[in-house]
Amino acid sequence: MKNTTTERRNERGSKNIPTTDSTPPTDFIRQVIEEDLKTNRYGGRVHTRFPPEPNGYLHIGHAKAICIDFGIAEDYGGLCNLRFDDTNPIKEESEYVEAIKEDVRWLGFDWGDREFYASDYFEQLYEYAVQLIKKGKAYVCDLSPDEIREYRGTITERGKDSPYRNRSIEENLDLFERMRAGEFEEGSHVLRAKIDMTHPNLLMRDPIMYRIIHATHHRTGDKWCIYPTYDFAHGQSDSIEGITHSLCSLEFEVHRPLYDWYLDALEIYHPQQIEFARLNLSHTVLRKRRLRPLVEEGYVSGWDDPRMPTLSGLRRRGCPPEAIRDFCNRTGIAKSDNLVDISLLEYCVRQDLNKRAPRVMAVLNPLRVVIDNYPEDKVEELDADNNPEDPSMGTRKIPFSRVIYIEREDFMEDPPKKYFRLAPGREVRLKHAYYITCVDVVKDERTGEVIELHCTYDPESRGGWAPDGRKVRGTLHWVSAIHSLEAEVRLYDHLFVKADPEDVEEGSDFKAALNPNSLETLTSCRVEPSLAGAAPGSRYQFLRKGYFCVDPDSTDGKLVFNRTVSLRDTWAKIQKAQKNS
RNA sequence: UGGGCGGUGGCCAAGCGGUAAGGCACGGGCCUUUGGAGCCUGUAUGCGUAGGUUCAAAUCCUACCCGCCCAGCCA
């Protein structure tokens, strides 16, 4: 019996969730849903919704919520609505609506024609409010904001009734109508639910349902000057849409009794709210209130700065949406506070890109190498595979000539143990090309800096194999000097040096943990000629260096790359270990 | 302090009374024309603490400790 639900989930779930884990997710939300399905609580329906407020850009924390909301609906053959919770005209803008839609689509989810807005329900919500007034369950209160706070009491002291609590139904109806008509100033009146000013849950102490805001709404314009609060709009919006499972984050747990109260008082369809812990990611911040100052105070270049955990930032960084979904699925759904290590995200990105990104050679910090015994004017076109993980991606030709560039860090005059790369007298392989041996080192007379290497090559080793079977330890990437293209490469590191930037001493704020070296720009990189004309957004693996993505800042004359994530670097670990011992 | 949640290895997270899954990270090894990828392998006598119930407890009971959320006319 249990198998049927599990199998159904496997069929649908695995389609869009490219997790390599073989075990199907068995989180507590799905358990509740399977129970509801079994008892036929909602007639076999599963209908969720993703309800963003259009007041900022989506980040990876939202991505997790999206994966849960859309993912669960999909798993059970249900639907997921996209609903904008636009009840506060002061903060919301259409610009954000568009950006949010783009991000959700980019992640790979489809809400069909079910694009809704809380503002679609303003008239209905107003009717609901009138109903509650007529039932004697809501009243217009003239207390000032300060007074309301005072009357509410505190966490340990009970509140006291507003002097306006017992107005007649007729008076309340009249006042509420006049609120709508625009007769009053902001803050002068408010509509409140009549619940219990001594309730231990502060949200039940006569919460505000409507407030006066004389502002233009991004969709309803100037039609309204009273707006429902989130608390009064959210549960009823879910009800109107026939949502079965209203999934949200933990902080709304204490709101649930209030939503239930409204729904019961109104005697309307009742969805089930289920709360889960929001995602926290190490070395970054995931709250709009934290992200916004980074943008507005210029710590980053914008919401789509590749260091930002926003979906637009991750997209520009080169992070594939599939990797983000894989990551979200791997972090699990639970109710405990968490701080997921960003290395898991990096792992998911590498995992995805390893299979799909074409390999290419790029030298980030070029060191000139002259191959003394290679003919001056000779140029060879060598074969290189585009992705050893996937032969179907084919091969390409790369030019080889007498003068090449290699990575500066791939040569050491006095190499430590376990250093497999080039050194005086040592032979290494140039990937796809020849074995070369370093015969001379040219230095700047004044600074002592190595400025050029002279090598010889073994003509017999074309393609990277020596006919006598001798082995070399190191294989280097390289580009032909005259054929290579100049490029700018932007290297990114964690935005914050601390795993939890919020965890700072008093008097200091999260920005104190900002990583001063989160961006390093390299301007004289050399990349292989096949990259000419690469489109913004295209992703590559720079052999031995990492995954890179063409930035929109690229021009016809100069490519700009963002490093999405480096390759795992065993040599760096060995070096670290050597230093420590 | 009132109310609501939560506490399983460094980080996530299964577990639902029958004797601690899995992933990331980390360590060891194999393999390799990317020090990449891949493959093999190691790591909780222990589940916030202390008692109790039971043949048997991470799972049930009791008390305590710690963390998070709520006092916006934000969402």
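Residue numbering restarts at 1 for every chain, and letters A, B, ... go by the order of the sequence lines.
- A:P52 comes within contact range of no nucleotide atom at all, as no heavy-atom separation falls under 4.0 Å.
- Using a 4.0 Å heavy-atom cutoff across all strands shown, A:K288 reaches no nucleic acid atom at all.
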Find every protein N or O atom lying less than 3.5 Å from an N or O atom of nucleotides 1-8 of chain B, and list the pairs.
residue	atom	partner	partner atom	Å
B:G2	N9	A:I155	O	3.3
B:G2	N2	A:P200	O	3.4
B:G2	N3	A:I155	O	3.4
B:C5	O2'	A:E253	OE1	3.3

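- A donor N or O paired with an acceptor N or O is not found under 3.5 Å between the base of B:G35 and the side-chain atoms of A:R473.
- Between A:D410 and A:L422 there is no side-chain heavy-atom pair separated by less than 4.5 Å.
- If you check every strand for non-hydrogen atoms under 4.0 Å, A:H234 touches nothing.
- Looking at heavy-atom distances under 4.0 Å, A:I333 makes contact with sugar-phosphate atoms alone, never a base.
- For A:K573, whose side chain is taken as the heavy atoms from C-beta onward, the closest listed nucleotide among B:C24, B:G35, B:C26 is B:C26.
- Remark: the separation of the P atoms in B:G15 and B:G48 is 16 Å, to the nearest Å.
- Ranking B:C12, B:A25, B:C70 by closeness to the A:N338 side chain, first place goes to B:C12.
- Comparing B:G36 with B:C12, their C1' atoms sit 26 Å apart, to the nearest whole Å.
- Within 3.5 Å, a donor on the side chain of A:Q31 pairs with an acceptor on the base of B:C16, or the reverse.
- A:I208 comes within 4.0 angstrom of a nucleotide base, judged by non-hydrogen atoms across all strands.
- Residue A:Q351 has its side chain nearest to B:G38 when only B:C74, B:G38, B:G23 are considered.
- Relative orientation of the A:Y227 and A:F122 rings is perpendicular, given thresholds of 30° and 60° on the angle between their planes.
- For B:C74, its base sits under 3.5 Å from the side chain of A:R289 at one donor and acceptor pair at least.
- When heavy atoms are screened at a 4.0 angstrom cut-off, A:T87 is found touching the sugar-phosphate backbone but no base atom.
- The phosphate of B:G36 (OP1 or OP2) has a side-chain N or O of A:T570 nearer than 4.0 angstrom.
- A:F252 comes within 4.0 angstrom of a nucleotide base, judged by non-hydrogen atoms across all strands.
- Looking at heavy-atom distances under 4.0 Å, A:S188 makes no contact with the nucleic acid at all.
- Using a 4.0 Å heavy-atom cutoff across all strands shown, A:L345 reaches no nucleic acid atom at all.
- Within 3.5 Å, no donor on the side chain of A:Q575 pairs with an acceptor on the base of B:G35, nor the reverse.
- Within 4.0 Å (heavy atoms only), A:E157 reaches no atom of the nucleic acid at all.
- Residue-level contact check: A:R568 touches the backbone only, with heavy atoms under 4.0 Å from sugar-phosphate atoms and none from bases.
- For B:C26 and B:C64, the C1' atoms lie 35 Å apart once the distance is rounded to whole Å.
- Remark: the separation of the P atoms in B:A44 and B:G4 is 38 Å, to the nearest Å.
- Rounded to whole Å, the P atom of B:G9 lies 16 Å from the corresponding atom of B:A50.
- Using a 4.0 Å heavy-atom distance criterion, A:I148 is classed as a base contact.
- Results of the salt bridge (Lys or Arg N to Asp or Glu O under 4.0 Å) test with A:E427 over A:R470, A:R473, A:K471 single out A:R470 as the only residue that passes.
- Minimum atom distance to the side chain of A:E251 is reached by B:C69, of the listed B:C26, B:G35, B:C69.
- Spacing between atom CZ of A:F327 and atom C1' of B:G22 amounts to 17 Å, rounded to whole angstrom units.
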